[in-house]
Amino acid sequence: MLDEAAVRRVDRSGAAEHLKALPDQVARGHQQGLGLGPLAANRRVVVVGMGGSGIAGAVVSAWLAASRGLAVIAVNDSKLPAWVGESDLVIAVSYSGNTLETLAATREAMARGSDLVGIASGGTLRDLCSGHGLPYLPIPSGLMPRSAFGFLFGGLAAMFPDTTADVKTGSEALRLRGRKLTPDVAEAKNAAKKLAMRVKGRTPIIYGTPTYGPVARRWQTQFNENAKVLAWASTLPEADHNELVGWAEDPTAKRFVPIFLRDPEEAADHRAMMDATRDLVKGKAKVEEVRAEGSTLLARMLMTIQLGDWTSFYLAILRKVDPTPVAVIQKLKERLAKG
Ligand code: F6R
């Protein structure tokens with residue numbers, strides 16, 4: 001069902017090749033970003049972007065908060081927080097360079113006199129940066145924004161000081177793990193194929209600790225866009241104070257598949273909450289648990305993203321939908337562009 005021929009038949013736009021390129025993208029994006037220098041060192045930083053671009057900011061923010069105690073604010077909106085001002089750095093990330101919300105926030109940053117950097121493959125964001133002599137990181141064009149995650153993440157990470165060792169370990173780990181997830185690896189040995197088979201027919205709800213929140217969100221959005229299914233992401237411990245009741249009492253719980261993203265170094269209280277929640281939910285729905293491996297937090301976060309990307313890809317194949325097109329997003333953008 002998920003052999004290479006079946007994959008080729010459904011993956012008409014070649015999403016698999018982009019998934020394979022993730023480790024290289026991270027390394028190349030980072031290398032290129034280093035050229036701009038550590039622009040984000042020792043200051044307040046806001047990363048603004050939507051969807052497949054915005055998630056890069058959220059992942060960087062969660063990683064740097066947990067590993068270095070840095071406060072990087074990820075914004076997925078056309079509005080910047082009111083406190084952003086002249087002394088702050090705003091990094092605008094838009095793969096197309098034409099997303100309305102990101103451009104509105106970029107113009108707002110300019111009006112407030114904030115320092116600004118653009119990351120895009122072209123479009124209006126590139127023109128704004130070149131027109132105003134602002135630093136700009138060009139990303140290769142011709143991809144879907146979410147397929148350029150590695151470039152966007154790597155480039156963004158490079159703007160913070162001393163990220164080279166972490167990013168190198170991360171991209172190496174992705175390279176090794178990636179080989180076990182590609183379409184030529186049979187189902188029995190392919191964790192992403194196996195998980196896609198188990199998820200099929202149910203709605204995924206992905207849980208992580210706050211550090212893994214953006215990773216869970218990436219899983220959700222990849223299920224949404226690649227497999228074209230509804231999915232949600234949520235974080236613990238917050239969900240223990242509300243959603244848990246739904247799991248315990250909603251008679252439709254079996255239609256959903258809770259996926260717990262686990263990290264071997266999660267804090268003891270988080271571990272206890274994750275274990276207890278998983279055990280309580282177990283009686284109500286079939287539970288999935290994904291245990292990250294890797295020598296650093298970043299490697300584990302990136303490898304978990306990689307597994308989610310491939311799982312959503314194989315779910316698309318099982319559902320016989322080309323993972324790449326997201327026609328309805330395009331339609332909405334066209335309508336909004338007309339005003
Ligand atoms: C499409 C995708 C979308 C876009 C979003 C913002 O692959 O993932 O979520 O990323 O619509 O567009 P860009 O990234 O061009 O600013």
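Heavy-atom basis, side chains included; hydrogens, waters and symmetry copies ignored. Counting from 1, the numbers follow the sequence of the chain as shown. Atoms within a ligand are numbered from 1 in the order they appear, just like the ligands themselves.
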Between V93 and ligand 1, does any nitrogen or oxygen pair lie at a separation below 3.5 Å? no

Polar proximity ligand 1 side, T102 side, N/O cut 3.5 Å exclusive: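 No, T102 has no N/O under 3.5 Å of an N/O on ligand 1.
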
Check whether any side-chain heavy atom of Y207 lies under 4.5 Å from a side-chain heavy atom of P258, and answer yes or no. yes

Students should be able to answer this: which protein heavy-atom is nearest to [atom], and at what distance?
atom                    : result
atom 14 (O) of ligand 1 : S53 OG, 2.4 Å
atom 5 (C) of ligand 1  : K333 NZ, 3.7 Å
atom 9 (O) of ligand 1  : G52 N, 3.1 Å
atom 8 (O) of ligand 1  : E225 OE1, 2.9 Å

Donor-acceptor pair between E266 and Y212 side chains, under 3.5 angstrom: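 Judged by distance alone, the side chains do not pair up.
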
Under 3.5 Å, is there a donor on one side chain and an acceptor on the other for T252 and D250? yes

Can you sort out which atoms of ligand 1 are near [X], meaning under 4.0 Å from one of its heavy atoms?
X    : answer
M144 : 7 (O)
S94  : 13 (P), 15 (O), 16 (O)
M50  : 5 (C), 6 (C), 10 (O)
T99  : 6 (C), 12 (O), 13 (P), 15 (O), 16 (O)
G51  : 9 (O), 10 (O)

Please determine whether residues L128 and V90 belong to a single hydrophobic cluster, defined as Ile, Leu, Val, Met, Phe, Trp and Tyr linked transitively by side-chain heavy-atom distances below 4.5 Å. yes

Would you tell me which option among R146, Q330, Q222 has the nearest heavy-atom contact to atom 7 (O) of ligand 1?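 Nearest option to atom 7 (O) of ligand 1, by heavy atoms: R146.
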
Quick check: closest heavy atoms across A56 and F153, and the distance to 0.1 Å?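 It is CB-N, 3.9 Å.
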
Atom of V290, atom of L307 and distance for their closest heavy-atom approach: CG1-CD2, 3.6 Å

When you measure from the side chain of R291 to the backbone N and O of R262, does any donor-acceptor pair fall under 3.5 Å? no

Using the ring of each side chain (for Trp, its six-membered ring), is W310 parallel, tilted or perpendicular to Y314, with breaks at 30° and 60°? parallel

